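All values derive from a computational prediction rather than experimental measurement.
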Amino acid sequence: MMVAMNASLCAEAAGSPSMADDGGREPCSAPAPTLTEERLIRSVILLAMALVSYTSNVYVLIALKFSRFKPKSKSMAFLQFHLSIADLLVTIFCLTGDSIWGLSVQWKVGNALCKFFKFGQMLSLHLSTFILVHIGIDRFMAVRYPIRSISKNTTSRAICGIWILSTILSLPQIFIFRVTKGPFNEEFYQCVTHGFYQEPWQELVYPVFNIFTMFVLPLALLVNSYTNTIMIIARSSRNITVPNGDLVVGNENRRQFLERAKMKSFWMATVIILVFIIFWTPYYTMMIILLFLRPDSQIGERLKSWIFFFGMPISLVNPFIYGLTRLRKPEFKNQFNSSGRSWTSCNQTKLPESSSMPPDQHKALMSDEVNFVKNKSRVSCKSFVVMLLEIMCKFTAALMIIGLVTEFHAESAVLEQKPLDWWQRGVFYQIYPRSFKDSNGDGVGDLRGIAEKVWYLKDLGVSAIWFNPIFDSPGLDLGYDISNYTRIDPLFGTLEDLEYLRDALHKAGIRLLLDFVPNHTSDEHPWFQWSIKKVDPYTNYYVWKDAKMVNGQRKPPTNWISEFGGSMWKWNDERQQYFLHQFHQKQPDLNYECKELVQEMMDVVRFWLDRGVDGLRLDAINFMFEDPLWRDQELLAPDLDPNFFLNYNRSRTMDQPATYEMVTRFREIFDSYSKKDGRTRVMMTEAYTTLDKTLGFYQYNGKPGAHMPFNFFFITHVNGRSPAKDYQRAIQGWMQGMPAGHSANWVIGNHDNHRIAARYGTDLVDGMNMIALLLPGTGNTYYGDEIGMDDAAIRFDEGFSTSMKTWLPVNSNFWRLNLKEQMQSNEKSHYKVYKRLMDVRKTDTMLYGDVETYVLAKWVFAFTRRLTGSDTYVVVVNLGSDTTSVDLSAFMSDLPETLTVHTGSVNTQYDPNDKVPTGVFYMRPKASILLTTAQEVPPAAYSDSKTSGVATMTSTSIGIIVFLFTHRLLL
């Protein structure tokens, strides 16, 4: 709530923390914020990869159908044909699909298309895996029974079974993912590539199931069949025993035929297991690392990039197999036929001249052997099922043993925690819309201006934005005097502009929240005008009271003093009653004892939630109800000024029990929308009151209240002159008083107060951001605090407005304190520090770890974040004006002898990856530092992990193209 207009103007440090061209206004192009250079490069490479995959797989299909180089085995050709089809599906759903999503600017079908593509991805991957395994087993059978090939009918039935099984295993994709609505956005992209699950347990169970069915079990089958193949080849020199015990001797021609068939199948089996290891093993190994070991955010992001680029070439599996198997020239046949002998089948065998066995006897003997092999193969089918079950049992037993022996402390620690929702993991970014970005040159920021800077918000890494009221208003209290709750003030744009901004934010994966003022309206609101005239149902929409007559004189009903000064009651001649206004006299209070008014306000909430808004901040919520007995307030001391509102015990006009009950009723609306599609709508509350009263907004009488009651204690209880003990008290008070099962939040700046740089000093900006972003719970940032803006008027920031006259004067320091300077500078900057803090927030330690605070000295404050099995982090802030020595070992005995610097403030002497002893090290005045037990952290220079992925993909594509070209030359 803007307490006073003059104070808010003084405290408002405006200007867009964004980077525009020197020419002024930056052009807006939807959805330019998400089509970054990296994404464009990635999409182009994917398209090139898809083109290679399409070409090579179609070539293989044609070769299998018409070429003289197709396999002699009909079953083998049939299997390779279907493997090419599976690879083409992988190309469509994994390569082409991802490339199109990266380049798409508007995608109108959300949920159905998301689930269809996810289903298609899993179906194609299952098909490709299962058919490849089938080929490996087929080659094992060919080695074991070289004179009996699997019939095409048997293979056809197996392929049908594979299609049915793959479809069944992929069907959960349609049911377990959340619904996504609206246009194409980042959440849709995540749904397709990673997945948002309906239930928390699915996030672990379903990926583990896929890893087992598409990697562990296939690998076990291939390894088992390949080792058996090697063993059979090793025994191939032995004489073949037939059922009657006689030996086939002197049959050199037949032996050569069997050896040739076995070696040919062995070569393909080698190629298949080699392909599986090259393409599947790195991909799923990194998946297992991400799923079970939960590495820190930097390693995790690299692994995700590597997983993606290792996974894409899977669509080239069949061309790879076909090419390698064709590289072996069929010299056996030429050499064999040159001897004057031909072997078309065992039943047409010609005896060598040296053979002493009569032809009829030899033919009968071979017939007996063939029958024996046939019977043997029938038994082996049963044996294969037994072998499969045996492998599964052995693998399950091995997992049980590993689970008992190995200590999965890190995994257990994370799983014990309740999964965090999007708002619990993220950072909320407050924007003052008048001062952020002017898109039309009138000198006032607007909605389209915010939309032009969505790219910056995404780059910054925030989860949601909320901005001060944009509803129709006379502007007396800069938007907090609302005259229409469902219309946008023309100063900021239109409802269509808000929807445009909403879509742009959602595409970038950022939520949108609005500032809602439920306590009062403007006296220009039609409701108030009708209430004056007693037009039903508006008669009792506001708090009206008769005058209190004292000695024939008209007096206000109570002695309550307004926050803006003077009586809280104003007489209305037309209605002949007083109306209540806790703030300005042109801001009459709404009457929540009126059922019609309550329904009206709940309809307003539904109006905005229906339009895709992700939540609301309920402003000045603790003033909604007053003392039902309308008793006077009491002065805190008899000698205090009775005309100043803070000199009274204000319990009569704020923090009433009915307020908390009403908050739970509002929460029911938010939850009803969240249950419809699984996307949480967040309700935040603003109340400057005591700790226990603030914490009371979490829940009331067992019913949930606000998701996030704003924690203002770093504004109201701590300042730049506070010692370390005050910081510890502010943190421990909230963490210990917060009801179980709820999330903390930390607000260090907003529109009602001076900026961080003004309250704490410029040198402590980074330290305060470390505290707000690295403590457990939701972080909050007031726009511009990420670059250390100071109290000022509007700053052009090289592109706030094209107008020479802005609604507030221009900041004189715009030439040095702006985002462009901090982004492009080779030196440390507040912006770069902030970005590194946003990165480390993603680690499991920061999300789930415990916090412990320390007062190392009067002016040195520290806290640790610990999670079993994960890296530990230590934040140290020197609040004093002198260089000081710090000894962590005296307070934290479990730390190693040295720690690694993750991030240091702009005024510290330490750089990332420097080593600091836990014994004694020195800190400059007002400096802050983030230390970790990790041996290495990302360097100071920013490099996107996607760059290495792009290089990997480029080299992979070039290698495959060279291979195909070489293969063609060999043919």
Side-chain angles (χ1 to χ4, degrees), residues 1 469 471-472 480-487 513-545 568 575 577 579-583 587-611 613 615-630 652-675 681-687 693 696-707 709:
M1 177 63 202
F471 310 120
D472 237 352
Y480 285 91
D481 49 330
I482 297 171
S483 58
N484 192 316
Y485 282 106
T486 57
R487 284 185 56 190
L513 297 94
L514 301 180
D515 200 359
F516 177 55
V517 188
N519 181 72
H520 52 266
T521 70
S522 166
D523 63 352
E524 297 182 21
H525 198 296
W527 296 349
F528 186 70
Q529 299 302 317
W530 292 329
S531 185
I532 291 174
K533 296 176 170 47
K534 296 186 177 181
V535 176
D536 286 334
Y538 305 100
T539 303
N540 295 317
Y541 267 33
Y542 294 83
V543 180
W544 295 96
K545 288 294 176 184
M568 203 178 283
R575 177 150 172 160
Q577 281 184 307
F579 67 84
L580 181 72
H581 61 91
Q582 296 222 37
F583 297 94
Q587 294 172 297
D589 274 35
L590 292 165
N591 177 21
Y592 279 85
E593 298 290 353
C594 174
K595 295 180 180 179
E596 292 81 6
L597 181 276
V598 172
Q599 184 60 46
E600 189 91 53
M601 296 303 285
M602 290 186 173
D603 288 343
V604 171
V605 173
R606 293 187 181 95
F607 175 88
W608 290 112
L609 295 181
D610 285 339
R611 276 148 187 81
V613 170
L616 299 172
R617 185 193 84 127
L618 276 56
D619 177 79
I621 192 68
N622 54 327
F623 296 102
M624 291 178 68
F625 284 87
E626 294 77 31
D627 177 23
L629 301 178
W630 305 100
R652 305 279 192 256
T653 58
M654 58 189 291
D655 304 328
Q656 294 291 310
T659 298
Y660 296 93
E661 178 65 33
M662 184 59 62
V663 168
T664 64
R665 294 182 62 183
F666 276 115
R667 172 65 182 267
E668 291 173 358
I669 302 175
F670 288 81
D671 287 348
S672 67
Y673 279 80
S674 301
K675 290 177 181 177
R681 305 325 194 267
V682 172
M683 184 176 76
M684 307 179 295
T685 54
E686 184 227 35
K693 298 298 184 183
F697 285 106
Y698 274 118
Q699 60 186 38
Y700 183 72
N701 286 340
K703 293 184 288 187
H707 292 87

side-chain contact (heavy atoms from CB on, under 4.5 Å) between Glu661 and Thr664, intermediate numbers included: CA-CA 5 Å; Glu661 178 65 33; Thr664 64; 3.8 Å; yes
Does a side chain donor of either [X] or [Y] reach within less than 3.5 Å of an acceptor in the other side chain?
{"X": "His707", "Y": "Arg681", "value": "no"}
{"X": "Thr659", "Y": "Tyr592", "value": "no"}
{"X": "Thr486", "Y": "Asn484", "value": "yes"}

Are there more than 12 heavy atoms of other residues, nucleotides or ligands under 6.0 Å from atom CZ of Arg487? no
Evaluate whether atom CZ of Arg611 has more than 12 neighbouring non-hydrogen atoms of other residues, nucleotides or ligands under 6.0 angstrom away. yes
Would you please test Arg575 and Ser531 for side-chain contact (heavy atoms from CB on, under 4.5 Å) and show each step? CA-CA 9 Å; Arg575 177 150 172 160; Ser531 185; 3.6 Å; yes
Under 6.0 Å between ring centres, would you say that holds for Phe528 and Phe579?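 Centroid distance Phe528-Phe579: below 6.0 Å, so yes.
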Taking the six-membered ring for Trp and the single ring otherwise, decide whether the centroids of Phe607 and Tyr485 are under 6.0 Å apart. no
Pick from Phe623, Tyr541, Phe583: which one makes a ring-ring contact (aromatic ring centres under 6.0 Å, His included) with His520?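 Looking at Phe623, Tyr541, Phe583, the match for His520 under the ring-ring contact (aromatic ring centres under 6.0 Å, His included) is Phe583.
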Main-chain N/O of [Y] paired to [X] side chain as donor or acceptor, under 3.5 Å:
{"X": "Gln529", "Y": "Asp523", "result": "yes"}
{"X": "Glu626", "Y": "Thr653", "result": "no"}
{"X": "Tyr660", "Y": "Lys693", "result": "yes"}
{"X": "Gln587", "Y": "Tyr480", "result": "yes"}

Should [X] and [Y] count as side-chain neighbours, where that means a heavy-atom distance under 4.5 Å?
{"X": "Tyr538", "Y": "Glu600", "answer": "yes"}
{"X": "Met662", "Y": "Val598", "answer": "yes"}
{"X": "Tyr673", "Y": "Arg606", "answer": "yes"}
{"X": "Gln656", "Y": "Met624", "answer": "no"}
{"X": "Pro518", "Y": "Ile621", "answer": "yes"}

Let's go through Arg665 and Lys703 carefully: what are the C-alpha distance in whole Å and the side-chain angles of both, what is the deciding distance for side-chain contact (heavy atoms from CB on, under 4.5 Å) to 0.1 Å, and is it a yes or a no? CA-CA 9 Å; Arg665 294 182 62 183; Lys703 293 184 288 187; 5.9 Å; no
Thr539 vs Asp536, side chain to side chain donor-acceptor pair (under 3.5 Å): CA-CA, chis, key distance, verdict: CA-CA 5 Å; Thr539 303; Asp536 286 334; 2.6 Å; yes
Could you tell me the separation between the CG atom of Asp472 and the OG1 atom of Thr521, rounded to the nearest 0.5 Å?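 If I round to the nearest 0.5 Å, the distance is 12.5 Å.
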Where is the tightest heavy-atom contact between Leu609 and Ile669, given as atom of each residue plus distance?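 Scanning both residues completely, I find the closest heavy atoms to be CD1-CG2, 4.2 Å.
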